[in-house]
Amino acid sequence: VILMGHSSGAHLAALVATDPRYAGTAFTAIKAVISVDGSAFHVPVQLASGQGEVMRLFRNAFGTDAKRQAALSPALQASPGDALRWLLIHVRGRGGAAAQAVLLGAALEAAKLDVTTAPVPGDHMGLIREFGAPGYPALGEVDALVRAVASAR
């Protein structure tokens, strides 16, 4: 199984792949994650770093309880038993998503997992509209991850 998600779906895919409570007995079937421009991999850091409407939405989603925020942070859940391969795609220059991809990538690397980070041009919504189109900047990385998982069977 390869999990993939964009935006909040990227957060959910990463959370399911780092916390066995969500996948149950299927957890070991998760072999890879393709995360597309997520920005809530380390919730406490993200909430501390911003303000405005997006942060209000994040506070509504994740609450104010530090323990709950940590439990909902894939970067704080990463461990050697998680999915072995990760592709973290984010819009180049989109500060929150780029910083969060770095935090998650570092946590996954510390857990000795295979991580590729792929900054791409564009904007948050355009990125998903263009995903998979010929010439898409991260298509090579996506293909490589899928082939690696398929050949490992």
Side-chain angles (χ1 to χ4, degrees), residues 1-47 49 54 57-58 61-62 67-153:
V1 172
I2 299 173
L3 297 179
M4 180 177 156
H6 170 257
S7 194
S8 60
H11 170 258
L12 292 173
L15 189 60
V16 168
T18 56
D19 190 334
R21 293 179 297 173
Y22 296 105
T25 57
F27 185 75
T28 57
I30 303 168
K31 302 302 179 193
V33 176
I34 301 171
S35 165
V36 184
D37 215 35
S39 60
F41 302 126
H42 194 304
V43 175
V45 167
Q46 183 66 315
L47 285 171
S49 67
V54 173
L57 294 172
F58 275 38
F62 300 111
K67 198 171 187 178
R68 181 174 190 265
Q69 291 174 359
L72 294 172
S73 298
L76 299 175
Q77 307 304 321
S79 68
D82 297 343
L84 294 178
R85 292 181 175 83
W86 293 73
L87 175 57
L88 308 178
I89 301 169
H90 65 86
V91 172
R92 184 178 297 122
R94 185 170 174 257
Q100 288 287 304
V102 167
L103 288 170
L104 178 58
L108 296 167
E109 287 174 353
K112 306 290 189 238
L113 302 172
D114 180 4
V115 182
T116 300
T117 302
V120 298
D123 62 76
H124 183 66
M125 293 309 292
L127 181 130
I128 199 64
R129 283 191 301 271
E130 299 297 321
F131 195 89
Y136 176 76
L139 199 52
E141 287 89 349
V142 172
D143 286 346
L145 181 142
V146 172
R147 289 180 200 283
V149 170
S151 68
R153 293 198 271 150

Can you tell me how far [atom2] of [Y] sits from [atom1] of [X], rounded to the nearest 0.5 angstrom?
X: L84; Y: L108; atom1: CG; atom2: CG; answer: 11.0 Å
X: S39; Y: L104; atom1: OG; atom2: CG; answer: 12.0 Å
X: L3; Y: K31; atom1: CG; atom2: NZ; answer: 11.5 Å
X: D37; Y: I128; atom1: CG; atom2: CD1; answer: 9.0 Å
X: I30; Y: Y22; atom1: CD1; atom2: OH; answer: 12.5 Å

Can you check whether [Y]'s main-chain N or O pairs, donor with acceptor, with [X]'s side chain at less than 3.5 Å?
X: T117; Y: L88; value: no
X: D82; Y: S79; value: yes
X: H6; Y: H124; value: yes
X: Q46; Y: Q100; value: no
X: R85; Y: A32; value: no
X: H11; Y: L72; value: yes

| said: Pair T18, W86 - check side chain to side chain contact (heavy atoms under 4.5 Å, CB included), show working. | reply: CA-CA 11 Å; T18 56; W86 293 73; 3.6 Å; yes
For the student: nearest non-hydrogen atoms of [X] and [Y], plus distance:
X: L47; Y: Q69; value: CD1-NE2, 3.1 Å
X: P44; Y: S73; value: CD-OG, 3.3 Å
X: F27; Y: P20; value: CD1-CA, 3.5 Å
X: V91; Y: G122; value: CG1-O, 3.0 Å
X: L15; Y: A71; value: CD1-O, 3.8 Å
X: P121; Y: P137; value: CD-CG, 3.7 Å

| task | Any chance you could lay out the side chain to side chain contact (heavy atoms under 4.5 Å, CB included) test for Y136 and I89, step after step, and finish with the verdict? | result | CA-CA 12 Å; Y136 176 76; I89 301 169; 3.6 Å; yes
| said: For T116 and L145: C-alpha separation, side-chain torsions, deciding distance, then whether side chain to side chain contact (heavy atoms under 4.5 Å, CB included) applies. | reply: CA-CA 9 Å; T116 300; L145 181 142; over 6 Å; no
| message | Take a 6.0 Å sphere around CD of E141 and say whether it holds more than 12 heavy atoms from other residues, nucleotides or ligands. | response |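 Above 12, so yes.
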| query | Would L76 and H42 satisfy side chain to side chain contact (heavy atoms under 4.5 Å, CB included), going step by step from the backbone distance to the final call? | reply | CA-CA 7 Å; L76 299 175; H42 194 304; 3.4 Å; yes
